[in-house]
Amino acid sequence: MTEPCTVAQHAIREGGVTAGMTVLVMGAGPIGIMSARWAQLFGASVVLSEIVEEKCEFARAHGCDVVNSSQIDLIERVHELTNGKGVDVVIEGTGAGAALGQAIECVRTFGTIVMMGNPANDTTIKLMQHSQVLRKELKLQGTWNSHYADAPINEWRYTVRMLDEGKMKVTDLITHRSSLDDLPALCAGINDRSILICKAMYVPEEK
C-alpha cells in the first residue's frame with residue numbers, strides 16, 4: 001500500500017495544501033480516499049466527490065465527507081460549503097473531461113487544480129470554463145507518481161514513517177485478498193465490474 005499512498009501524498013504536496021485550506025478530492029478510489037486523508041493530516045478541510053453510490057457509501061463508512069455528484073449538483077454544494085468562495089485546491093483524480101470542467105467551477109480565484117487522474121479519452125471543457133481559468137488566474141498542476149529524492153523531502157520515507165506511527169491508515173481500504181489461484185477470477189470480476197473493490201491484494205498462501 002506504500003506506493004499508492006505515496007502517490008496520494010505527492011498530489012497533495014503539488015497542490016500546496018496547508019493547514020486551514022479547503023480541498024475537494026474528485027474520485028473515491030483508494031488514491032482518492034488516501035488523498036483526502038493526507039489533506040486532513042496536513043490540516044485541511046476536505047470533501048470527496050464520486051458518482052458511484054457504492055463507492056460513496058464505502059468512503060463515508062471510512063470517515064470521508066462525500067458528495068455523490070451524480071445525484072447532487074457538486075458545484076452548488078461546494079459553493080454552499082465555502083460560502084460562495086470555492087475551494088482552495090481541487091485534486092482531480094478521475095481523468096474525465098467533465099470532472100476537470102467541474103473542478104474549474106469549484107475552485108476559488110487564484111486556486112489550484114491538481115490533475116492526477118489518467119485520461120481515457122480526449123479532454124474538452126466548456127467555453128465558460130476556459131474563460132474561468134483565465135479570469136480566476138487558476139493554476140493547473142500536473143502530477144505523476146512521487147518523489148524519492150531526499151530534497152525537498154523523500155515522500156516514500158515520509159509515507160512509511162506516517163504508516164509506522166499510525167497517523168496514516170490504509171489497511172482498512174483493502175477490501176479483497178486473493179491467493180494466486182483465485183487471482184484470475186478476481187481480476188476478471190474487477191475488469192467487468194461485477195466485483196466492486198477499493199483495493200485488492202495478492203496474499204501468498206502459507207506452506
Side-chain angles (χ1 to χ4, degrees), residues 1-17 22-39 46-56 58-59 64 66-75 77-78 86-108 110-148 155 173 175 187-200:
M1 293 292 286
T2 303
E3 187 272 337
C5 192
T6 307
V7 169
Q9 180 199 159
H10 183 61
I12 295 301
R13 289 188 181 278
E14 289 297 285
V17 175
T22 53
V23 178
L24 168 64
V25 178
M26 306 183 77
I31 295 179
I33 294 174
M34 286 187 283
S35 294
R37 289 180 174 181
W38 276 120
V46 188
V47 63
L48 192 63
S49 69
E50 173 59 54
I51 62 172
V52 178
E53 180 56 28
E54 290 83 358
K55 289 186 177 182
C56 291
F58 181 88
C64 296
V66 189
V67 175
N68 184 331
S69 54
S70 68
Q71 299 177 3
I72 298 172
D73 189 306
L74 177 62
I75 299 163
R77 182 60 178 147
V78 165
V87 295
D88 297 297
V89 178
V90 178
I91 308 297
E92 201 301 283
T94 72
L100 178 59
Q102 288 179 316
I104 291 168
E105 295 189 56
C106 286
V107 75
R108 68 168 175 84
F110 308 128
T112 299
I113 298 171
V114 179
M115 300 172 67
M116 179 178 67
N118 286 321
N121 296 293
D122 290 345
T123 297
T124 59
I125 59 174
K126 298 174 183 178
L127 175 62
M128 173 272 292
Q129 294 163 345
H130 191 152
S131 180
Q132 282 197 25
V133 172
L134 307 180
R135 293 176 181 272
K136 293 199 286 189
E137 297 192 12
L138 301 182
K139 178 181 178 182
L140 301 181
Q141 174 67 50
T143 183
W144 190 254
N145 291 333
S146 54
H147 288 166
Y148 57 85
E155 293 170 342
L173 303 182
T175 53
C187 290
I190 295 170
N191 185 61
D192 66 20
R193 301 182 185 275
S194 61
I195 297 176
L196 185 68
I197 70 160
C198 183
K199 190 67 178 178

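Start at 1 with the first residue, then count along the sequence.
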First locate atom OG of Ser49, then atom CG of Leu24, and finally report the distance between them rounded to the nearest 0.5 Å.
-> 5.0 Å
Is the number of heavy atoms from other residues, nucleotides or ligands within 6.0 Å of CG (Asp192) greater than 12?
-> yes
Should Leu196 and Phe58 count as side-chain neighbours, where that means a heavy-atom distance under 4.5 Å?
-> no
Could you tell me which non-hydrogen atom of Ala200 sits nearest to which non-hydrogen atom of Ile190, and how far apart they are?
-> CB-CD1, 4.3 Å
Between Met116 and Glu14, is any pair of side-chain heavy atoms under 4.5 Å apart?
-> no
Distance col, row Arg13:CZ vs Ser146:OG, nearest 0.5 angstrom, shows 11.0 Å
Taking the side chain as every heavy atom from C-beta outward, state whether Ile195 and Ile197 have any atom pair closer than 4.5 Å.
-> yes
Nearest heavy-atom approach of Ser69 to Ile51 is OG-CG2, 3.3 Å
Please check if atom CD in Glu137 has more than 12 non-hydrogen atoms from other residues, nucleotides or ligands closer than 6.0 Å.
-> no
Here the side chain to side chain donor-acceptor pair (under 3.5 Å) pairs for residues 95-105, sequence neighbours left out, are Glu105-Gln129
Exercise: identify the closest heavy-atom pair between Ala28 and Leu48 | CB-CD2, 3.7 Å
Note: Gln132 and Ile104 closest approach over all heavy atoms is OE1-O, 3.4 Å
Gap separating the CE atom of Met26 from the CD1 atom of Ile91, nearest 0.5 angstrom = 11.0 Å
CD1-CD distance between Ile12 and Gln9, expressed to the nearest 0.5 angstrom = 9.5 Å
Hey, could you give me the CG/CD1 distance between Leu140 and Ile113, rounded to the nearest 0.5 Å?
-> 5.5 Å
Tightest non-hydrogen contact, residues Gly97 and Thr123, listed as CA-CG2, 3.7 Å
Roughly how far, to the nearest 0.5 Å, is NZ of Lys199 from OG1 of Thr175?
-> 10.0 Å
Gly32 to Val25 - nearest heavy-atom pair and separation | O-CG1, 3.5 Å
N/O donor-acceptor pair under 3.5 Å between Lys55 side chain and Glu50 backbone = no
Report, as yes or no, whether the 6.0 Å neighbourhood of atom CD1 on Ile31 holds more than 12 heavy atoms from other residues, nucleotides or ligands.
-> yes
Write out all pairs satisfying side chain to side chain donor-acceptor pair (under 3.5 Å) with one or both partners inside residues 29-38, taking only residues at least two apart or from two chains.
-> Arg37-Asp172
